[in-house]
Peer 1: 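Once you've had a glance at the structure underneath, I'll fire off some questions.
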Amino acid sequence: MAAPRFAMRFTSTPRGARLARRLVARRLADWGHPYGSETNETMTLIAGELAANAVRHGHVPGRDFRLALTAAPDVLRIEVTDTRGELRPACRVTGPDAESGRGLLLVSQLAERWAVTTAGPTHPGKTVWAEVPTAPAPPRARPDQAAAPSGPR
């Protein structure tokens, strides 16, 4: 069985970045990582940071950015591709009063691995990807197993 995958192009605007973040949260919930879970919260934050960077630093008028989300058995991978391959993102240290510049630092701390790659021979641009390990889902009770009574008798 193939790993679940979601991919979509979004307008390179703040509204497109917001929609991408919301759809990642929704897709993860559909895949068994409910809203509010650590996995959903982490991946949604990473999606928001990478999408915002694509809009802010990778925007080319008339060009969209692409987001792909893949769920393997033990890892989730998110990829955000934009058309500005000449601008390679990097983690940087910012001052305590800086209003921006911490996005990739957050990604580097939350993701197990992340990197920047060339988008590919048929597309201009770059892809920033990040991977987050998933905890095994807790076992579900079978319908034929009744819950044991609790408390004093």
Side-chain angles (χ1 to χ4, degrees), residues 1-140:
M1 181 175 176
R5 182 167 170 83
F6 167 74
M8 189 170 178
R9 289 176 40 183
F10 296 90
T11 60
S12 190
T13 63
R15 187 177 199 168
R18 187 170 47 251
L19 179 59
R21 185 184 71 238
R22 293 183 72 177
L23 288 177
V24 164
R26 172 64 188 260
R27 189 56 51 132
L28 289 169
D30 291 346
W31 291 347
H33 303 284
Y35 294 108
S37 68
E38 183 177 351
T39 299
N40 192 304
E41 295 285 326
T42 299
M43 287 300 289
T44 300
L45 177 65
I46 291 171
E49 292 298 336
L50 297 184
N53 281 353
V55 168
R56 178 174 243 188
H57 305 293
H59 175 75
V60 172
R63 297 288 183 110
D64 298 335
F65 72 91
R66 181 178 175 276
L67 180 140
L69 180 65
T70 307
D74 58 350
V75 70
L76 293 168
R77 181 181 175 106
I78 187 160
E79 302 173 8
V80 175
T81 304
D82 66 52
T83 53
R84 297 284 304 268
E86 76 279 9
L87 295 176
R88 307 287 286 191
C91 283
R92 57 185 169 142
V93 177
T94 60
D97 295 332
E99 294 183 12
S100 63
R102 294 179 184 88
L104 286 178
L105 180 61
L106 287 172
V107 171
S108 73
Q109 296 302 302
L110 294 171
E112 182 173 89
R113 297 180 334 139
W114 75 278
V116 183
T117 59
T118 302
T122 59
H123 303 295
K126 66 184 171 298
T127 298
V128 182
W129 59 265
E131 293 180 343
V132 172
T134 57
R140 292 185 178 181

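Note that the structure is a prediction, hence the values are computed from the model and not measured. Heavy-atom basis, side chains included; hydrogens, waters and symmetry copies ignored.
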Peer 1: Does the side chain of Val128 come within less than 4.5 Å of Asn53's, by heavy atoms?
Peer 2: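 No, every pair of side-chain atoms sits at 4.5 Å or beyond.
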Peer 1: How far apart are the C-alpha atoms of Ile78 and Val24, what are their side-chain angles, what is the distance that settles it, and do they pass the side-chain contact (heavy atoms from CB on, under 4.5 Å) test?
Peer 2: CA-CA 9 Å; Ile78 187 160; Val24 164; 4.1 Å; yes
Peer 1: Report the distance from atom CD of Glu112 to atom CG of Asp74, rounding to the nearest 0.5 Å.
Peer 2: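 Glu112 CD to Asp74 CG: 8.5 Å, rounded to 0.5 Å.
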Peer 1: Over all heavy atoms of both residues, which pair between Phe6 and Trp31 is shortest? Give the atoms and the distance, please.
Peer 2: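 Closest approach of Phe6 to Trp31: N-CH2, 3.9 Å.
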Peer 1: Which atom names give the shortest non-hydrogen contact between Ala130 and Val107, and what distance separates them?
Peer 2: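 Scanning both residues, the minimum pair turns out to be CB-CG1, 4.1 Å.
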Peer 1: Measure the CZ-OH distance between Arg26 and Tyr35 for me, rounded to the nearest 0.5 Å.
Peer 2: 5.0 Å
Peer 1: So, taking the atom named OG1 in Thr117 and the one named CH2 in Trp129, what distance separates them when rounded to the nearest 0.5 Å?
Peer 2: 8.0 Å
Peer 1: Tell me the closest heavy-atom pair linking Ser37 and Pro34, and the distance in Å.
Peer 2: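 In this case the closest contact between Ser37 and Pro34 is OG-O, 2.7 Å.
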Peer 1: Enter the distance from Thr83:OG1 to Phe65:CZ here, rounded to the nearest 0.5 Å.
Peer 2: 11.5 Å
Peer 1: Of all residues at least two apart in sequence or in a different chain, which pass the side chain to side chain donor-acceptor pair (under 3.5 Å) check with Arg63?
Peer 2: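 Applying side chain to side chain donor-acceptor pair (under 3.5 Å) to Arg63 gives none.
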Peer 1: Show me the side-chain donor-acceptor pairs of residues 7-23 shorter than 3.5 Å, one per line, residues at least two apart or across chains.
Peer 2:
from, atom 1, to, atom 2, distance (Å)
Arg9, NH2, Asp64, OD2, 3.1
Thr11, OG1, Thr13, OG1, 3.0
Ser12, OG, His59, ND1, 3.0
Thr13, OG1, Arg15, N, 3.4
Thr13, OG1, Gly16, N, 3.0

Peer 1: Are Thr70 and Arg5 close enough that a side-chain donor and a side-chain acceptor fall under 3.5 Å?
Peer 2: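 Looking only at side-chain atoms, Arg5 and Thr70 do form a donor-acceptor pair, the distance falling under 3.5 Å.
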Peer 1: For residues Val80 and Ala54, report the shortest heavy-atom separation together with the two atoms involved.
Peer 2: CG1-CB, 3.7 Å
Peer 1: Do Leu76 and Leu28 come within less than 4.5 Å of each other through their side chains, counting heavy atoms only?
Peer 2: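 They are in side-chain contact.
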Peer 1: Could you list the donor-acceptor pairs under 3.5 angstrom formed between side-chain atoms of residues 41-49 and any protein atom two or more places apart in sequence or on another chain?
Peer 2:
from, atom 1, to, atom 2, distance (Å)
Thr42, OG1, Glu38, O, 2.8
Thr44, OG1, Asn40, O, 2.7
Thr44, OG1, Asn40, OD1, 3.0

Peer 1: Quick check on side chain to side chain contact (heavy atoms under 4.5 Å, CB included): which of Leu104, Leu67, Asp82 does Leu50 satisfy it with?
Peer 2: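 Exactly one option meets the side chain to side chain contact (heavy atoms under 4.5 Å, CB included) with Leu50, and it is Leu104.
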